[in-house]
Amino acid sequence: DTENPRPVQPENVQEKKEISKMIDFNEEPLYPTAGVVTRRNPVIQTSGPVFELKLNITDSEVVMLADTAQWESSAVILRSTTVLAFRPAWKERPLSCNLNNAEVFSCVLGKEEETALSIIDPVTINLEIWGRGEVVPASKGLLDVNEDTDVERIADIQLQQLNIRLSYHDAIMFRHILNSLPKQAQEALAGSAETRVEDANLQLEHPANVRSQIEQLASLGFSKQDCLKALQNSGNQLDDAALWLTQNASPQRTPSPTKSKPSEIEMFLGNTAVSFSSIQLKTSCVNLVVIDDCKDADCPLLELSLASLHLKQKYDRCGSLFSTISSSYYNRALSAWEPCVEPWQCAVDWTSTKLGSSGTRNTINIKSVDVVNINITSAMLELYRVVRANWGEDYYNQSTDEPLYNIPQTPPAFRRRTPFVPFALHNTTGCTLMFHTQVIATDNRKDRRNRDQSSSLQDQEEVKDWKKVENGETAPFMFANRGKQRHQNTHQHQLHQVIVRVDGWREVKPVSVDKVG
């Protein structure tokens, strides 16, 4: 029999058990040495649940008016269902916000259903402020004495697909709202208005030399009313008035600026429980469609797409962007989209460096391994010329009769948009005719094969939509009713056809009106 080379020592086991029994987490934590200076191990907070405030706001609306003096003013409405969670004691995740089916649309007050036009389609947005600290902080020796326990946080915004439709009238309306906000805020601040009235009274009641002396005394920190009283008691002697203020009045308290540590990181919403140092946005795609609804037009103009977008912006004005960019323009002659910028994957980063005490230097770097393909056609140049002329004439209100034609004049924000009717049928056949419209999708061949099978059912439904036009009359018509989400199906290849029937004649084949000729 061989002896055990490592015999069990019962004394050591008993000693370990006794040591384990002496540990109590409720008492002072252990102090292991780390270099010259001892440091304290992080204590796990297990005192109780963390305070959390939750708000659930269902079907909320934020309304911004273009003109508060008009009953039927244009307005921008933000509608969503919001779930907000606030945890000030939890530094890693102090705030989270969820916007379900958030949408932004414009309308005329009192007639929302008839005039609603979507600007941002319904989308779910998740916002969370989070930070990640070290689980076991590394030992730094003497630097552990000045260790900062603050957590650097990031405001993270995530959403699936963002569709934005912005038209000419929307831009004019937003400009009108932004111009009216300062006036509304000025009227809402009653306290500051009273202060301005008092200052105006002082300027009207007293001569210029007395107002100058009041300003000099007020620079010492005293109120203007006390300065005026001091001048009256001292016979308008400046030195005597200053002495009187030191004896009979107290200066106003002004908040002293807080000095930040040299190592402290500047953050958004600093000195609050939800401060963060950077913002990042992640989404699968962002589509911006510019719509031309100026004068007698109502059709898409330009589309900009950012796929796989990752945007990050720091407080020090440095940031980066990674995305695949593409752009298209709408050819009105062919009723189809044509590419202007082919899909191009790129990375953009920008920095801002301070030069001395006042100057800054901004740098933008663009990196890409793909070739930029830009298509410029005669149709696009002609479209640019027409749109520039129409928008400029409407915005500046150019007219040969007015001498001040070059002064921008904002159209009334409460002006109601006239419905756009792009087609009309003029009857010159000498007899009464009937017509109706139909829209056929041509993307799939299955639709073409099933078109003949479902023609009988379509005829039964479309009999109700036949319109009668007498000889010499003109009947305007549309292929689709006006909807809240404008030009949503412009990327689908569809045939817009008109079917005409004249009494005593055989019905003609459907006529397409999409293309010229």
Side-chain angles (χ1 to χ4, degrees), residues 104 119-120 123 125-132 152-168 170-171 174-175 178 260 262-270 275-291 300-329 337-377 380-381 383-384 387-388 391-392:
V104 178
I119 298 177
I120 299 180
V123 63
I125 303 175
N126 296 318
L127 168 64
E128 186 171 9
I129 299 178
W130 61 275
R132 182 177 299 174
E152 183 178 357
R153 290 188 289 257
I154 298 175
D156 191 7
I157 304 174
Q158 295 185 2
L159 60 154
Q160 290 298 322
Q161 183 174 355
L162 183 63
N163 296 323
I164 304 174
R165 296 181 178 88
L166 189 64
S167 65
Y168 171 79
D170 294 334
F174 280 119
R175 180 180 180 273
L178 293 177
S260 59
S263 61
E264 185 178 357
I265 301 177
E266 295 181 351
M267 297 184 179
F268 298 97
L269 304 176
S275 61
F276 53 93
S277 60
S278 60
I279 306 173
Q280 68 176 4
L281 171 64
K282 294 181 180 179
T283 179
S284 60
C285 185
V286 175
N287 291 326
L288 173 62
V289 179
V290 180
I291 299 174
L301 179 64
L302 182 68
E303 181 182 20
L304 177 63
S305 177
L306 301 176
S308 302
L309 176 63
H310 184 193
L311 174 65
K312 188 173 183 180
Q313 177 66 41
K314 297 182 179 180
Y315 186 81
D316 57 358
R317 298 181 181 179
C318 299
S320 60
L321 183 145
F322 301 92
S323 178
T324 301
I325 303 175
S326 61
S327 179
S328 303
Y329 75 97
W337 289 95
E338 293 185 354
C340 176
V341 178
E342 302 288 346
W344 176 52
Q345 187 176 5
C346 66
V348 183
D349 61 89
W350 53 91
T351 58
S352 178
T353 307
K354 292 185 179 180
L355 301 177
S357 59
S358 59
T360 57
R361 181 178 61 186
N362 300 322
T363 306
I364 300 178
N365 299 321
I366 302 177
K367 301 178 182 178
S368 178
V369 295
D370 297 341
V371 179
V372 184
N373 296 319
I374 301 177
N375 304 320
I376 299 178
T377 61
M380 184 178 67
L381 297 179
L383 180 64
Y384 170 76
V387 172
R388 180 183 178 183
W391 287 22

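Not measured: the values here are computed from a predicted model. Counting from 1, the numbers follow the sequence of the chain as shown.
Rounding to the nearest 0.5 angstrom, the gap separating the CG atom in Leu127 from the CG atom in Leu159 is 11.0 Å. Atom OG of Ser328 and atom CD of Glu342 lie 8.0 Å apart (nearest 0.5 Å). Considering CG of Leu306 and CG of Leu321, their distance stands at 7.0 Å, rounded to 0.5 Å. Within the model, atoms CG of Asn365 and OG of Ser320 stand 11.5 Å from one another, a figure rounded to the nearest 0.5 Å. Put simply, OG1 on Thr283 and CD on Gln160 are 7.0 Å apart, with the number rounded to the nearest 0.5 Å. Rounding to the nearest 0.5 Å places CD of Gln161 at 4.5 Å from CG of Asn163.
The residue from Ile125, Asn287, Val123, Leu288 that alone fulfils the side-chain contact (heavy atoms from CB on, under 4.5 Å) condition with Leu162 is Val123.
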> Checking side chain to side chain contact (heavy atoms under 4.5 Å, CB included) for the pair Tyr168/Leu301: CA distance, chi angles, key distance, verdict?
Replying inline: CA-CA 10 Å; Tyr168 171 79; Leu301 179 64; over 6 Å; no
> When you look at Leu166 and Val290, which way does the side chain to side chain contact (heavy atoms under 4.5 Å, CB included) test go after all the steps?
Replying inline: CA-CA 5 Å; Leu166 189 64; Val290 180; 5.5 Å; no
> Taking it one step at a time, do Arg153 and Phe268 satisfy side chain to side chain contact (heavy atoms under 4.5 Å, CB included)?
Replying inline: CA-CA 10 Å; Arg153 290 188 289 257; Phe268 298 97; over 6 Å; no
>> Quick one, Gln158 with Asp156, criterion side chain to side chain donor-acceptor pair (under 3.5 Å). Give me CA distance, side-chain angles, the key distance, then yes/no.
In response: CA-CA 7 Å; Gln158 295 185 2; Asp156 191 7; 3.2 Å; yes
>> What verdict does the side chain to side chain contact (heavy atoms under 4.5 Å, CB included) test give for Ile364 and Trp350, after you've listed the backbone C-alpha separation in whole Å, the side-chain angles of each residue and the deciding distance to 0.1 Å?
In response: CA-CA 4 Å; Ile364 300 178; Trp350 53 91; 4.1 Å; yes
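Residue Ser275 comes nearest to Ile129 through the heavy atom pair O-CG2, 4.4 Å, listed as atom of the first residue, atom of the second, then distance. Among all heavy-atom pairs drawn from Ser352 and Cys318, the shortest one is N-SG, 3.8 Å. Considering all non-hydrogen atoms of both residues, Tyr329 and Pro339 come closest at CE2-O, 4.4 Å. The shortest non-hydrogen separation linking Leu269 to Phe276 is CD1-CE2, 4.0 Å.
Ring pair Phe322/His310 is tilted by interplanar angle, where 30° to 60° counts as tilted.
Proximity of Lys367 to Asp349: side-chain heavy atoms (C-beta onward) are separated by under 4.5 Å at one or more points.
Partners of Ser327 according to the side chain to side chain contact (heavy atoms under 4.5 Å, CB included) rule, which considers only residues two or more places apart in sequence or in another chain, are Leu302, Leu304, Cys340, Val341.
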